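Residue numbers start from 1 in every chain, and the chains themselves are labelled A, B, ... in the order their sequence lines are given, proteins ahead of strands. Note that the structure is a prediction, hence the values are computed from the model and not measured.
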Protein chains: 2
Amino acid sequence: MAKIDIKGLARELNISASTVSRALRDSHEISKATIDKVKALAEKLNYQPHPYAGSLRKNKTKTIGIVVPEVSNNFFAKVFSGIEVVAQENNYHALIYLTHDDYDKEKSILHHLQSGRVDGVIMSIASNTKDHSHIEELIQAGIQVIFFDRIGESFSTTKITTDDYNSAYKATVHLIEQGCKKPLHITRFLHQTNTKYRKKGFIQACKDYHLPIEDNWVIELNDDAVVEPTLTNILKNEYRPDGIFSSVETLSLYPYKVCKELGITMPDQLKFVSFSNMDAASFLVPALTTVTQPAFEIGKAAAMVLFQQLEKKKRGMQPLDNVFPSTLIVRESSIKNK
Amino acid sequence: MAKIDIKGLARELNISASTVSRALRDSHEISKATIDKVKALAEKLNYQPHPYAGSLRKNKTKTIGIVVPEVSNNFFAKVFSGIEVVAQENNYHALIYLTHDDYDKEKSILHHLQSGRVDGVIMSIASNTKDHSHIEELIQAGIQVIFFDRIGESFSTTKITTDDYNSAYKATVHLIEQGCKKPLHITRFLHQTNTKYRKKGFIQACKDYHLPIEDNWVIELNDDAVVEPTLTNILKNEYRPDGIFSSVETLSLYPYKVCKELGITMPDQLKFVSFSNMDAASFLVPALTTVTQPAFEIGKAAAMVLFQQLEKKKRGMQPLDNVFPSTLIVRESSIKNK
DNA sequence: CTGTTAGCGCATTCAC
DNA sequence: GTGAATGCGCTAACAG
């Protein structure tokens with residue numbers, strides 16, 4: 001199956017390559033007859049334009065980069081699905097890179113992405129990324145960047161998040177309304193935007209309901225190894241919390257395990273709410289209340305906005321950074337009570 | 001930040017573009033001094049070669065396509081993680097496409113992939129794909145294709161699977177050894193290779209243990225909507241099965257739900273084993289025995305083999321199809337008993 | 001050791 | 001309406 005190119009088509013039809021090129025793009029300066037002739041042959045010979053030749057010529061790749069910590073995580077997997085659906089609809093292609101939550105990897109990936117391989121990037125920042133200069137560089141190189149979930153607040157690009165503050169507030173209120181007097185907030189990486197705002201929501205709810213909030217009501221558990229011991233310690237205490245609000249999916253299973261080991265029954269003796277996109281968890285665990293982010297929709301929104309921005313740019317307009325500075329697209333997370 | 005190219009570097013240094021090009025590639029015909037000079041400037045100016053220009057010239061993209069049904073599924077997500085890790089190590093890039101288990105979509109994706117966008121493809125076939133001519137075409141177009149899990153048996157390319165027959169056999173034996181006399185095998189899409197062999201393993205185990213296997217011991221549940229009613233029907237029957245072996249993760253949660261509704265306790269009244277890569281499930285459900293495929297390793301193996309094949313091809317050797325016809329890489333699935 | 005030339009496949013001038 | 005020439009950024013063949 002010899003690859004057929006424009007020159008090949010031209011030769012077959014005894015016309016010039018440029019005519020073929022124009023015919024394939026429905027140029028108005030080509031006669032209907034030629035267009036039909038060319039297209040018929042192209043179809044017959046299964047002609048496919050070489051994507052990289054066009055990219056080189058037009059300086060436009062129709063490709064985006066997706067940079068996420070991982071994908072074995074329902075949230076990111078679903079966001080990706082959303083992006084992918086919209087990408088296919090718009091004939092964009094998606095290169096995906098995993099940072100494995102590692103700053104150095106994220107840095108080298110973004111550095112490479114300046115090369116012209118992609119038109120734009122959709123990303124969620126690695127959990128141990130604190131310096132954002134590598135992102136700044138990418139933007140400076142003219143690559144459109146869109147953030148979701150773990151966003152770079154300082155950049156004036158589009159950001160897509162759920163309303164972390166409000167969702168956390170509601171989740172906490174939910175605990176309180178079930179009778180909690182001493183809720184515990186377990187979380188990770190509070191320097192990230194999402195966890196930071198969730199913590200704020202938790203605290204505000206406690207204040208609004210006049211709970212005597214103390215320092216040890218919020219605990220940051222970044223290291224997998226310490227989660228169980230720490231929780232065990234806290235829960236076997238006589239004055240243990242009567243409710244837990246987990247900020248991240250990763251922490252949502254530990255309380256069950258520890259409670260089971262300690263003989264604490266849920267939800268009778270301990271209420272529990274967690275951010276989670278794990279379908280299985282809410283299905284299997286009767287007492288589980290989850291705060292679920294609309295991951296698929298976030299992905300779709302991110303892609304739609306990015307493609308729209310890229311198309312405008314193509315038509316020679318200003319890059320949209322200037323038109324929509326710092327667009328913040330916020331969606332509600334739904335609280336599912338099982 | 002003006003993009004810098006080879007010509008730019010050449011101009012700065014008053015040497016020719018080809019010298020720069022060679023220096024950057026550590027050509028042995030360039031003096032050490034020039035190489036150093038060039039590299040220093042390249043570093044300083046943050047030069048990045050344009051990937052598509054090189055691809056065009058060398059007819060090699062350093063990019064692979066990953067075509068999978070979905071990624072919101074722990075198995076595929078982990079396979080992808082494995083692929084991605086190896087890809088980064090080898091400086092390959094991964095374009096990912098989701099078929100959403102739709103034959104038409106799979107067909108159009110593969111058709112596009114003939115265009116020269118990728119050097120190779122790693123795929124798992126959509127569940128409703130029965131005709132394989134679109135895959136044949138892709139291979140004919142000179143794209144290396146590697147299958148995993150849901151493989152195309154008829155192609156003489158590398159295939160990576162777990163030993164479905166054997167794993168299913170063992171899982172069934174596990175049920176029988178726990179006292180099952182009437183196991184039920186629930187499965188999906190028996191025209192696929194993986195489910196087909198799992199069914200065979202189930203049946204053989206039943207035979208080897210002299211269970212009087214009947215037609216209704218295997219049931220194919222392709223439609224989400226009928227799963228619950230069908231299971232309910234089966235399980236409320238007086239002569240219901242005393243064990244269930246599920247062939248796919250998607251079906252692994254329904255039995256719990258139905259049993260809970262019917263008041264059947266697991267594992268006392270009903271043993272259960274399922275193929276599953278869902279971490280949460282085995283964590284949360286005490287009675288769950290899972291057959292877990294080494295997804296991450298499958299991904300790594302697929303990528304390693306593919307890259308190895310592509311590198312050989314590059315050096316002008318025969319494409320490896322001829323060297324390793326129909327390489328079948330099989331791995332054990334582990335059975336985890338909780 | 002280095003420079004000149006050509007061309008990967010395509011789209012866009014500029015001619016006619 | 002169509003063809004010839006040019007160049008996207010890079011590498012490789014051919015010269016010295």
Side-chain angles (χ1 to χ4, degrees), chain A residues 2-39 42 45-63 112 114-119 141-142 314-316, chain B residues 2-39 42 45-63 112 114-119 141-142 314-316:
Chain A
K3 278 292 286 176
I4 185 80
D5 61 5
I6 274 192
K7 249 186 254 172
L9 294 177
R11 211 178 312 116
E12 290 281 328
L13 294 167
N14 276 318
I15 56 179
S16 80
S18 51
T19 303
V20 174
S21 173
R22 276 179 285 222
L24 290 170
R25 323 197 86 242
D26 280 315
S27 166
H28 292 295
E29 38 184 16
I30 300 290
S31 73
K32 180 88 172 60
T34 327
I35 292 187
D36 291 343
K37 204 169 56 176
V38 169
K39 288 200 168 175
L45 265 41
N46 190 24
Y47 167 75
Q48 311 234 124
H50 191 114
Y52 298 150
S55 291
L56 199 57
R57 186 67 236 269
K58 292 180 291 188
N59 195 29
K60 239 195 64 240
T61 66
K62 277 279 192 179
T63 302
H112 171 86
Q114 295 179 36
S115 67
R117 194 179 286 277
V118 300
D119 295 335
K314 184 173 77 180
R315 293 187 212 123
Chain B
K3 276 294 283 175
I4 185 80
D5 61 6
I6 273 193
K7 249 185 253 171
L9 293 178
R11 210 178 312 117
E12 290 282 327
L13 295 167
N14 276 317
I15 56 179
S16 80
S18 54
T19 303
V20 174
S21 171
R22 278 179 285 221
L24 290 170
R25 321 195 88 240
D26 278 316
S27 166
H28 292 294
E29 37 183 16
I30 301 289
S31 74
K32 181 88 173 57
T34 323
I35 292 186
D36 291 343
K37 204 170 58 178
V38 169
K39 288 200 168 176
L45 265 41
N46 190 24
Y47 167 74
Q48 311 236 123
H50 192 116
Y52 298 150
S55 292
L56 199 58
R57 189 63 237 264
K58 291 181 291 189
N59 195 28
K60 238 196 64 240
T61 65
K62 278 279 192 177
T63 303
H112 172 86
Q114 294 179 37
S115 66
R117 192 179 288 275
V118 298
D119 296 334
K314 183 174 76 180
R315 294 188 211 123

**OP:** Round to a whole Å and report the spacing from OH of B:Y52 to P of C:dG9.
**Re:** 17 Å

Original post:
What integer distance in Å separates B:N14:CG from C:dC1:C1'?
Top reply: 17 Å

Original post:
With respect to the phosphate group of D:dC10, does any side-chain polar atom (N or O) of B:Y47 fall under 4.0 Å of OP1 or OP2?
Top reply: yes

Original post:
Any side-chain N or O of A:K7 under 4.0 Å from OP1/OP2 of C:dG7?
Top reply: no

**OP:** Starting from the 5' end of DNA chain D, give me the residue, B:S21 or A:I15, whose nearest nucleotide shows up first.
**Re:** A:I15

Nucleotide N/O to protein N/O under 3.5 Å, stretch nucleotides 13-16 of chain D:
from   : atom 1 : to    : atom 2 : distance (Å)
D:dA13 : N6     : B:R22 : NH1    : 3.3

**OP:** Might you confirm whether atom CG of A:D36 has over 12 heavy atoms from other residues, nucleotides or ligands at distances under 6.0 Å?
**Re:** yes

**OP:** Please tell me which of A:H50 and B:I30 maps to the more 5' nucleotide of DNA chain C, matching each residue to the nucleotide holding its nearest heavy atom.
**Re:** B:I30

Original post:
What's the NZ-P distance between B:K62 and D:dC10, to the nearest Å?
Top reply: 17 Å

Original post:
Picking from C:dC10, D:dC10, D:dC8, which would you name as closest to the side chain of A:L56?
Top reply: D:dC8

Original post:
At their closest point, which heavy atom of A:S115 faces which heavy atom of B:P49, and how far apart are they?
Top reply: CB-O, 3.8 Å

Subject >> Heavy-atom closest contact (B:Y47 atom, B:I4 atom, distance) >> reply: CD1-O, 3.4 Å

Subject >> Shortest non-hydrogen contact between A:G116 and B:Y52, atoms and distance >> reply: O-CE1, 3.9 Å

Original post:
Taking only side-chain nitrogens and oxygens of A:S31, does any of them come within less than 4.0 Å of OP1 or OP2 of D:dT2?
Top reply: yes

**OP:** Find which nucleotide of DNA chain C each of B:V20 and A:I6 is nearest to by heavy atoms, and output the residue with the more 5' nucleotide.
**Re:** B:V20

**OP:** State which of C:dA11, C:dC1, D:dG3 makes the closest approach to the side chain of B:T34.
**Re:** C:dC1

Original post:
Just by distance, do the side chain of B:Q48 and the backbone of A:H112 share a donor-acceptor pair under 3.5 Å?
Top reply: yes

**OP:** For the helix from C:dC1-D:dG16 to C:dC16-D:dG1, figure out the bend between the end axes, five pairs an end, and round to 10 degrees.
**Re:** 50°

**OP:** From the options C:dT12, D:dG9, D:dG3, select the nucleotide whose nearest atom is closest to the side chain of B:A53.
**Re:** D:dG9

**OP:** Return no unless some side-chain N or O of B:T19 is found under 4.0 Å from OP1 or OP2 of C:dG3.
**Re:** yes

